[in-house]
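In what follows, a single structure is set out as structure tokens and then discussed.
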Amino acid sequence: MADDMATPLRSRLDTLLDGLAVQGAVVKALLLRDLQKRFGRHNIGYLWVIGEPLLLASVITLLHQLATHGEKSHGIAPFTFILTGYCLFMVFRSATTRADAVLHGSETLLYHRMITPLDIMLGQAILDFLAAISALLLLQALGIVLGLSEFPARPIYLIGAVFLLGWFSFAVSLLVATYAYRYPLVERLVHPATYFSGPLSGAMFSMSILPSSVRNFMAWNPMMSMFEMARYGQFQHASDHWLYPLYVIAVTAFLTFWGLIEIRRVRREIHVP
């Protein structure tokens with residue numbers, strides 16, 4: 001009897017694993033396609049994956065370093081503070097700004113039955129995530145060598161914040177992609193919205209400098225908690241008072257569920273050429 005029950009369960013597990021393997025191969029192929037489409041083999045070729053965010057992050061970080069004359073505030077180096085915040089914000093910005101037209105630009109790919117809109121979104125999100133994090137690691141290493149930065153004080157918190165922000169950015173990108181496909185106005189509003197999200201995300205400031213009334217409002221912003229977690233992981237003197245990981249996970253899980261429903265629904269509206 002036990003063997004009879006185990007056989008269907010084993011069969012379902014094998015089917016699931018086979019399906020995951022196929023989808024993994026599809027996402028990998030889409031990632032490589034997006035990599036070649038966006039960067040190609042011209043000039044420095046695929047190095048632009050890191051080079052583009054590296055240039056942006058280095059310029060912003062250098063400007064703040066010069067503006068503050070490299071002086072630490074409460075034991076926090078300005079170079080590392082801005083570098084951590086800006087590189088992580090690039091994960092969110094890249095995911096959302098590229099999502100607005102991704103479905104329109106990938107309709108022909110859906111001619112292949114194995115490819116779904118979710119696969120397309122996953123491939124793009126992984127590429128943008130790896131690009132921004134690679135820029136952070138390279139500039140962080142350079143800062144340590146030059147004495148402008150230091151090793152993370154609590155690496156687990158920093159890694160956790162990075163992956164939470166990547167997950168959150170992917171969830172938001174699903175919603176942006178689906179609603180931008182349906183409503184042209186949303187596509188027009190995505191880029192201006194990212195300009196406002198930068199100052200409100202907490203990437204360039206900490207909760208400690210805000211008035212108490214503003215802190216209570218900003219505490220509801222899940223991105224603020226993610227950046228506070230990243231700073232707590234990076235700096236020894238950072239505070240853990242404004243960390244709400246369970247709240248962030250709950251909000252991100254809800255947005256992911258919503259996004260998965262919408263991306264599945266929009267598949268029926270896409271007319272394959």
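Within the 4.5 Å cutoff, no side-chain heavy atoms of Asp240 are placed close to those of Tyr157. Side chains of Val186 and Asp100 form no contact here, defined as non-hydrogen atoms less than 4.5 Å apart. The shortest distance between side-chain heavy atoms of Ile133 and Leu88 falls below 4.5 Å. Counting only heavy atoms from C-beta outward, the side chains of Met224 and Trp242 never approach each other to under 4.5 Å. The shortest side-chain heavy-atom distance between Met226 and Pro222 falls under the 4.5 Å cut-off. Counting only heavy atoms from C-beta outward, the side chains of Tyr179 and Val266 never approach each other to under 4.5 Å. Under the 4.5 Å side-chain criterion, counting only non-hydrogen atoms from C-beta, Tyr247 is not in contact with Ser225. His241 has its side chain out of reach of Arg215: every pair of non-hydrogen atoms, C-beta onward, lies at least 4.5 Å apart.
By the criterion of side-chain heavy atoms lying less than 4.5 angstrom apart, applied directly or through intervening Ile, Leu, Val, Met, Phe, Trp or Tyr residues, Leu200 is not grouped with Val176; the two fall into different hydrophobic clusters. Following chains of ILVMFWY side-chain contacts shorter than 4.5 Å, one cannot reach Ile144 starting from Leu136, and the two form parts of different hydrophobic clusters. When hydrophobic clusters are built by joining Ile, Leu, Val, Met, Phe, Trp and Tyr residues whose side-chain heavy atoms come closer than 4.5 Å, directly or via intermediates, Met121 is grouped together with Tyr183. When the side chains of ILVMFWY residues are joined at heavy-atom separations under 4.5 Å, either directly or via intervening members, Phe257 and Leu118 end up in two distinct hydrophobic clusters. A single hydrophobic cluster is seen to contain both Trp167 and Ile159, as judged by linkage of ILVMFWY side chains at heavy-atom distances under 4.5 Å, directly or through other members.
Among all heavy-atom pairs drawn from Asn221 and Ser201, the shortest one is ND2-CA, 3.9 Å. Nearest heavy atoms, Met229 versus Ala161: SD-N, 3.7 Å. Residues Ser173 and Ala99 share a closest heavy-atom pair of O-CB, 3.5 Å. Looking at every heavy atom in both residues, Ala230 comes nearest to Leu158 through O-CD1, 3.6 Å.
Side-chain N or O atoms of Arg93 include none that pairs as donor or acceptor with a backbone N or O of Thr194 at under 3.5 Å. Side chain of Glu228 to backbone of Met207: a donor-acceptor contact under 3.5 angstrom is found. At least one donor-acceptor pair under 3.5 Å links the side chain of Asp119 to the backbone N or O of Thr116. Under a 3.5 Å cut-off, the side chain of Ser94 and the backbone N or O of Val91 do not form any donor-acceptor pair.
Atom CG of Leu137 sits about 10.5 Å away from atom CG of Leu130, to the nearest 0.5 Å. To the nearest 0.5 Å, atom CG of residue Leu174 and atom CG of residue Leu122 are 7.5 Å apart. Of the inter-residue distances, the one linking Tyr181 atom OH with Glu262 atom CD reads 14.0 Å to the nearest 0.5 angstrom. Rounding to the nearest 0.5 angstrom, the gap separating the CG atom in Asp128 from the CZ atom in Arg98 is 5.0 Å. One finds the CZ atom of Phe92 at 9.5 Å from the OG1 atom of Thr97 (value rounded to the nearest 0.5 Å). In this structure, CG on Leu255 lies 6.0 Å from CZ on Phe168, to the nearest 0.5 angstrom.
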### Message
Assess the residue pair Phe89 and Leu165 against the criterion (side-chain contact (heavy atoms from CB on, under 4.5 Å)); give the C-alpha distance rounded to whole Å, side-chain angles, the decisive distance to 0.1 Å, and a yes or no.
### Response
CA-CA 8 Å; Phe89 180 72; Leu165 187 59; over 6 Å; no

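The environment of Phe129 atom CZ is dense: over 12 non-hydrogen atoms of other residues, nucleotides or ligands sit within 6.0 angstrom. For Arg264, the CZ atom sits in a loose shell: 12 or fewer heavy atoms of surrounding residues, nucleotides or ligands are nearer than 6.0 Å.
In this model, a donor atom of one side chain and an acceptor atom of the other lie less than 3.5 Å apart for Gln140 and Gln234.
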